[in-house]
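Quick caveat: nothing in here was measured; it's all calculated off a predicted structure. The chains referred to below are lettered A, B, ... by the order of the sequence lines, with proteins before strands, and numbering in each begins at 1.
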2 protein chains.
Amino acid sequence: MFELPQFQEQPRERADAARNRERILAAAGTLVAESGIDSVSMEDVAKAACVGTGTLYRRFGDRAGLAFALLDDQTKDFQDALIAGPPPLGPGIPAAQRLHAFGAGFLDLLETHAPLMVAAAPSVKESAGVLGLYSTHLRILLEEATPHLDPRYTAEALLAMLDPAYHLRMRRLLGYSLDQLVAGWDGLIDAITATPRP
Amino acid sequence: MFELPQFQEQPRERADAARNRERILAAAGTLVAESGIDSVSMEDVAKAACVGTGTLYRRFGDRAGLAFALLDDQTKDFQDALIAGPPPLGPGIPAAQRLHAFGAGFLDLLETHAPLMVAAAPSVKESAGVLGLYSTHLRILLEEATPHLDPRYTAEALLAMLDPAYHLRMRRLLGYSLDQLVAGWDGLIDAITATPRP
DNA sequence: CACGTAAGCGGAATCGATTCCGTTTACGGG
DNA sequence: CCCGTAAACGGAATCGATTCCGCTTACGTG
């Protein structure tokens, strides 16, 4: 009786498990920072964290899940800024301006984290969670800025242009500069937020 | 003397090599048609083609290369139609209409071949060759239809929305129907081809 | 037709991701 | 403090992709 509301239906993480989670994230963070996600194997991480490979998988599901956990750390700031930060990323100004800021900010993240994002993409959490957040964010802005386009679809379309694999193709294979990509985004936002033909 | 112009600087493919190429493509085509690219391993293909795995790799480079070769077969028609077929896919009508037709046609290809396209995406040939073709095609249409947007960038942006991984996300995860995707594409094309604010 | 050689061959070996399973450990209850 | 049990461990086993390498064969030449 007098029980507290049952959040945390899961029996709470065991102390050793929590310690290992930290170790793994720390080790993985260091290794990835040193040589890039693509040259770090799961066994490398396990060894550096003094942990068996099984522990990596129990904790993070798979390689994509680990990449996602790493990414989440380094991206939370951006997400918070979207929701509750100061303009132009956060609320308080016209949606069109926030769309521009979102593009610039996301492209900036991509510049640093695109390879990690590519590695995290197959993760279930990624697809369901973060992408959903960005998609919702864009949809809400678009509802205000482009009454003549389907906001739900258009949000996804814009997200496609911020796909990390696509970004790497643009930057490395096709030789676009970051500035050109920002300019391209801005042009597109202007085009879809312009008043349609009278 | 009196030599013919030296195209085919490569000494021509050996007879047994050509035979094996056919065998492999045939076997792979059957297996993929039966159970989908994702449940077919390189060894499955090698066995079905009565060939060593080494032969697969010498001929196609890697899994993505094999997927690409398979795809190319099943896609050549579409590519030809773009360049020399009858309208609305081929030339002869206003660019805006051809942009709509391109989207509908490509989405139709995706409906059938998206998983194969995902598998082919890492291939060097894919990135350089076919994507380049589509990108060029779109660029040319956009030059005519959207004088106020950078055609080169916009072509790539539109291609991002036809990315096979993105398409699978829209269809399977987010539950969009093919019709909705076509409608979304059409709306976007209309938006960017509309006369900008007077 | 016999020969030389480069191209092609097959399948064993290697490498990394992921799964399995017998053993160890944290920790709530007695 | 002692026990029982579920959670967590670690690393061996498995699986598929890719590489390696010693052997075979097509085919241009004499």
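- Closest approach of B:Y153 and A:W185 over heavy atoms only: OH-N, 3.6 Å.
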With a 3.5 Å cut-off and sequence neighbours excluded, list the donor-acceptor pairs that the side chains of residues 82-106 of chain B form with protein atoms.
residue, atom, partner, partner atom, Å
B:R98, NE, B:L89, O, 3.2
B:R98, NE, B:G90, O, 2.9
B:R98, NH2, B:L82, O, 3.0
B:R98, NH2, B:L89, O, 3.1
B:H100, ND1, B:D186, OD1, 2.6
B:H100, NE2, B:D190, OD1, 3.0

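- Scanning all heavy atoms of the two residues, the minimum distance from A:I37 to A:A119 falls at CG1-CB, 3.8 Å.
- In this view, A:K47 and A:E43 satisfy the side-chain hydrogen bond (donor to acceptor under 3.5 Å, both in side chains) rule, not counting sequence neighbours.
- Proximity of residues 15-51 of chain A to DNA chain C (heavy atom under 4.0 angstrom from any strand atom) is restricted to A:A15, A:D16, A:S41, A:M42.
- Across residues 53-69 of chain B, B:T53, B:G54, B:T55, B:R58, B:R59 each have a non-hydrogen atom less than 4.0 Å from an atom of DNA chain C (numbered order).
- A salt bridge is absent between B:E156 and B:R152; no separation between the charged side-chain nitrogens and carboxylate oxygens falls under 4.0 Å.
- For the residue pair B:A114 and B:P164, the shortest heavy atom distance occurs at O-CB, 3.7 Å.
- Residues B:R63 and B:Y57 share a closest heavy-atom pair of N-CE2, 4.5 Å.
- Nearest heavy atoms, A:D62 versus A:M42: C-CE, 4.1 Å.
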Between the protein and nucleotides 28-30 of chain C, which nitrogen or oxygen pairs are less than 3.5 angstrom apart?
none

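- Side chain of A:T55 to main chain of A:V51: no donor-acceptor pair is present (N/O by atom type, distance under 3.5 Å, no hydrogens or angles).
- A:Y166 meets the ring pair (Phe, Tyr, Trp, His ring centres under 6.0 Å) test with no other residue; sequence neighbours excluded.
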